[in-house]
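Written below as structure tokens is the structure these notes are about.
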Amino acid sequence: MQGLDFSIVPEYWPLIGKGLWWTVVISATSAVLSVVAGIGFALLVLYAPPVLRYPVRAFMWLFMGTPLLLQLFLIYFGLVQVGIDIPALWSGIIGLSLHFAVYNADIFRAGIASLDKGQTEAARSLGFGAWRTRVYILVPQALRNTVPAIGNMMIALLKESSIVSMIGIAELVHSAQLVISETYRPFEFYLTAAALYYVLNLVLEAILRGIERKVELSR
Amino acid sequence: MDIALIGRIFPVFVQAAWTTVELSLLSLAIGLAMAALVATLRLSHVTALRFIGAAYVSVFRGTPALIQIFLLYFGGPQIGIQLEPFAAGAIALGLNIAAYMAESIRGGVRSVDRGQMEAARSLGFGEGQSMRWIVLPQAAKLMIRPLGVNAVALVKGTALVATISVVELTYTAQRFIGSTYKPFEIFAVTAVLYMIMVYGLTVVIDRLDRAYAGEA
Amino acid sequence: MNDIRPMIEVRGAQKFFGPLEVLKGIDFSVARGQIVAVIGPSGSGKSTLLRSLNHLETLDGGEVWLDGVKVNQTLGRRAFERHINGVRQQMGMVFQHFNLFPHLSVSENITIAPIRLKGMARAEARALALKMLDKVGLADKIDAVPARLSGGQKQRVAIARALAMQPKVMLFDEATSALDPELVDEVNLVMKQLAGEHMTMVIVTHEMRFAAEVADRVIFMADGAVVEEGSPAELFRNPKQERTRSFLKKFLNG
């Protein structure tokens, strides 16, 4: 038993801080991509012709049924063996984005399906075409209604972004591991990383609450 | 697709999948026990106990499961806790999912109409008796689905212990991707096994939910 | 009725919801076998008063006595819990929304308290349930589930459930308010029948006609205070207070 000594933590702040920054960058990028791709998947699953619809559905089914870590291994270690070499950072962002896009798509799909039929009829009666109705009338409403559920997904995404450390991306957990390999103080630095995630999580929750309130007010 | 390879590696993967099942069941048992305790704290009349329960949920839900596993496995020895990878993984996953399950349990209890507790109390049942005979039997039905969602997340979450070298499904997949250079075959086999577990569990939960929550 | 000690006695009952005083020091008593109806506009505090009798609401001031035993005693948490559970076994309560236990059958709804709290044998409890159901005219529903009953039937089962504990008093909290109009009579009939058996009853209601018919005494409450009380004849035909008059006028015309 080594005992705990947190006094060495500040010394390594530059490295930890850099990892923290990358966690924010990766999470934010993946969050945006996962929402955009999620809307795309939802529209395809609902409205695309069967040749497109069924493959997308199968893909969603596959990604919902398997762990993120496995998906990251496939994208980073697997694809390179068949000649597709994606750098670690992008592998991580693509993996995170796709993984959460699938869950977001499921939420959006339900959100669009639950809208009143009168909305479509009103838009069509104004002369909107089928796709314009979906893009201009249905999607914006579904987006508003699903803010809380998508927010929960983003909270999960922030935490699961830690998993991309396993393919060597220098985000927060990976930075902590680097420091630990030097100092042999896993408890101190993993706890520090955990505390930083906790703070990030609080910030994200506050942002989401703000968005929810705005959406609520604009109704 | 290299069918011969798939045939050759399949038994190894089934073995690994079994480890994933064992890990899931053990974490589930730990998680449910801890969740019952935490939910009890959160529903307590005593402010201090409520606070402890809320803090548990907030901390375990506010930080990544991966770090919780690392803290226990790598950091544990520093505070006198030395565990095998499998045990460390099962305990960390169990403690993590407990935070989510505690909220599912609390949600179930709180969705039972307040009038049920009042009616039981008006007959002379004590607080605990009312909980045990009147509120919990009704809440249990409402918990099936949310707890099921937690359990499915747990099964997928077990992949994280690959990072501390527990030879489960994802760890095995990573090993074989590296040694066979056939990523799609390996992914296919692994994905099929995960999906049998995940969607199998989903079907079981649906059945339970329909059998019990459907009535009333 | 030679015991002159009142069955229920309330002295100076006071209750706040935040800054709002919902009971402003209420005194009243109910004699053995007496039937008291409490009427008044919504928000007058009549339900709060009723619910404080069996301590579903905790009073901030004043005392409640049941048959010579103080209900809101100051005791340790555990001791009070034991005490209040005992008190509640002697006071049956019927709620506006029935509050039947949906996971139990009709017979289980009625027998769970006698079995669990009084240690009654199952067979005996079932016989008791049958007797109580017969009293409310629902003996044929003994094995039904609550979800299959009409509102009026649910409320009659709820009455049977309360009666099965052989209470000294029955409390009715707007027992017919949630019912469709055509189902009100069947519940009122059961309550009248209980009145005929000299059950001590406190009835919070908005049905003036029923109150007039069944009650020995009517209490009119408004803004957390008793405005006026008297026999139904006095109070309904010849109210003394302006407040009572305007309330009754609105109600009897509307």
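Computed from a predicted model, the values in this text were never measured in an experiment. Labels below follow one simple rule: chain letters A, B, ... track the order of the sequence lines, proteins then strands, and each chain is numbered from 1.
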Return the [atom1] to [atom2] distance between [X] and [Y], rounded to the nearest 0.5 Å.
X: B:I67; Y: A:L191; atom1: CD1; atom2: CG; result: 9.5 Å
X: A:L72; Y: B:Q174; atom1: CG; atom2: CD; result: 11.0 Å
X: B:T190; Y: A:L74; atom1: OG1; atom2: CG; result: 9.5 Å
X: A:L70; Y: B:Y171; atom1: CG; atom2: OH; result: 15.0 Å
X: B:F184; Y: A:L79; atom1: CZ; atom2: CG; result: 5.0 Å

Using non-hydrogen atoms and a 4.5 Å limit, figure out which bit of A:S161 sits close to chain B: side chain, backbone, both or neither.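 Neither; nothing under 4.5 Å.
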Per-residue contact mode, A:Q177 against chain B (heavy atom under 4.5 angstrom): side chain
Are more than 12 heavy atoms, taken from residues, nucleotides or ligands other than [X], located less than 6.0 Å from that residue's [atom1] atom?
X: B:R175; atom1: CZ; answer: no
X: B:R110; atom1: CZ; answer: no
X: A:E212; atom1: CD; answer: yes
X: B:Y181; atom1: OH; answer: no
X: B:E22; atom1: CD; answer: yes
X: A:R53; atom1: CZ; answer: yes
X: B:F10; atom1: CZ; answer: no

Show the nearest heavy-atom pair for residues [X] and [Y], with the distance to one decimal.
X: A:A194; Y: B:T63; value: O-CG2, 3.2 Å
X: B:K156; Y: A:T66; value: CD-O, 3.8 Å
X: B:F74; Y: A:P186; value: O-CG, 3.2 Å
X: A:L69; Y: B:A159; value: CD2-O, 3.3 Å
X: B:V198; Y: A:G65; value: CG2-O, 3.6 Å
X: A:F187; Y: B:Q78; value: N-OE1, 2.7 Å

Under 4.5 Å to a heavy atom of chain A? For B:F70 that would be both
Structural part of B:T202 lying under 4.5 Å from a heavy atom of chain A: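 Contact with chain A is absent: no heavy atom of B:T202 under 4.5 Å.
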The side chain to side chain contact (heavy atoms under 4.5 Å, CB included) partner of A:Y190 among B:L66, B:I69, B:L71 is B:L71
So, A:K159 side chain and B:R61 main chain: donor-acceptor pair closer than 3.5 Å or not?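 Pair found, side chain donor or acceptor close to backbone of B:R61.
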Do side-chain atoms of B:Y199 reach the backbone of A:W61 as a donor and acceptor pair under 3.5 angstrom? yes
Flag the one option from B:A65, B:A191, B:P183 with the top tally of heavy-atom pairs under 4.5 Å to chain A. B:P183
